Amino acid sequence: MPRRINIEDIEELERKYLQGEKSSDFKALIIKKEKFNVEYSDVHIRRLLRAFGMLYIKPYPIDYRRPQNAKEYLYTTLSEVIKALERIYSHEDIGIGFLDETHPQNRANTQRVWAFNKVRVKKNTDKHRINAFGYYAYRGKSCLVFSEDATSDSVCKALEEIRRVNE
């Protein structure tokens, strides 16, 4: 039984990868005796995959609802808000920060995959609600406010607490 996988077999694996097959299938493809007539240990398979230029990494999760131009949208909106506030208040009286409600993810990002480059996975990123409002201050004091629910009244109470902390 040959102990090496030949170049044609490697090219077939690359073609399958480029066609979208999952990288976990590579291990199965390499160790299938009936396919390539070779047998490798797990350690040697990892060496082979690294030799192919693959990385053993966690996919970076991207929320499927995130717009393509999220960063541009944030900068545009923030500059418009600052201009509007500066018409009413003095520069020193304006507190700038980011308020967000936090939720833990119901799926841990511990899965690693073999890939030739960074992997991005679109997946369901729904979360369980804890109802904690975090305020990260760019100018002022940051704080965390816990609430029983996530209604508009709760957001108003969180904003009142942020104002109290920053007086």
Side-chain angles (χ1 to χ4, degrees), residues 13-30 42-43 45-46 49-50 52-167:
L13 288 174
E14 275 191 284
R15 267 193 314 278
K16 286 184 178 283
Y17 173 78
L18 294 172
Q19 291 171 354
E21 287 204 23
K22 292 182 179 160
S23 58
S24 59
D25 297 339
F26 279 79
K27 180 178 174 182
L29 287 169
I30 291 171
D42 285 345
V43 171
I45 288 171
R46 283 194 295 273
L49 294 174
R50 288 199 193 279
F52 293 163
M54 295 182 83
L55 307 169
Y56 190 56
I57 56 177
K58 291 180 186 178
Y60 181 79
I62 299 174
D63 192 323
Y64 64 94
R65 298 166 288 205
R66 180 182 177 176
Q68 292 287 336
N69 62 343
K71 199 176 211 178
E72 178 185 313
Y73 178 74
L74 171 67
Y75 291 140
T76 304
T77 306
L78 189 58
S79 65
E80 289 173 6
V81 168
I82 290 172
K83 286 177 187 174
L85 286 171
E86 285 178 338
R87 283 188 237 127
I88 302 168
Y89 301 102
S90 70
H91 184 73
E92 295 81 29
D93 291 337
I94 299 173
I96 299 175
F98 298 91
L99 174 71
D100 196 10
E101 184 179 3
T102 60
H103 310 280
Q105 292 186 5
N106 53 357
R107 291 186 177 88
N109 186 23
T110 56
Q111 174 188 359
R112 291 182 181 263
V113 295
W114 285 99
F116 285 106
N117 48 28
K118 277 191 172 183
V119 178
R120 295 183 182 258
V121 177
K122 286 191 177 185
K123 62 182 184 178
N124 183 348
T125 55
D126 290 341
K127 301 163 180 79
H128 296 287
R129 293 196 182 274
I130 286 185
N131 302 316
F133 296 95
Y135 176 74
Y136 178 74
Y138 177 73
R139 224 186 300 163
K141 295 179 185 174
S142 299
C143 68
L144 185 61
V145 180
F146 293 96
S147 173
E148 290 185 24
D149 55 30
T151 62
S152 59
D153 288 339
S154 299
V155 174
C156 290
K157 287 177 185 172
L159 290 170
E160 289 169 3
E161 179 64 17
I162 292 165
R163 177 181 239 166
R164 189 192 62 75
V165 168
N166 282 280
E167 284 180 343

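Given the structure is predicted, the values throughout are model-derived calculations rather than measurements.
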After noting the C-alpha distance and the side-chain angles of Ile162 and Phe133, does the key distance pass the side chain to side chain contact (heavy atoms under 4.5 Å, CB included) rule? CA-CA 10 Å; Ile162 292 165; Phe133 296 95; over 6 Å; no
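Taking Leu144 as the reference, Ala132, Phe146 meet the side chain to side chain contact (heavy atoms under 4.5 Å, CB included) condition, with sequence neighbours excluded. Residues satisfying the side chain to side chain contact (heavy atoms under 4.5 Å, CB included) test with Asp149, not counting sequence neighbours, are Ser147, Thr151, Ser154. Residues satisfying the side chain to side chain contact (heavy atoms under 4.5 Å, CB included) test with Ser152, not counting sequence neighbours, are none. For Arg164, the salt bridge (charged side-chain N to carboxylate O under 4.0 Å, His left out) partners are Glu161, not counting sequence neighbours. Partners of Ile94 under the side chain to side chain contact (heavy atoms under 4.5 Å, CB included) rule, at least two apart in sequence or in another chain, are Leu85, Glu86, Tyr89, Ile96, Arg139.
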Which atom pairs, one a donor and one an acceptor, fall under 3.5 Å between side chains of residues 76-84 and the rest of the protein, sequence neighbours left out?
| from | atom 1 | to | atom 2 | distance (Å) |
| --- | --- | --- | --- | --- |
| Thr76 | OG1 | Glu72 | O | 2.9 |
| Thr77 | OG1 | Tyr73 | O | 2.8 |
| Ser79 | OG | Tyr75 | O | 3.2 |
| Ser79 | OG | Thr76 | O | 2.9 |

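Of all the heavy atoms in Leu74 and Phe98, the pair that sits closest is CD1-CE2, 4.1 Å.
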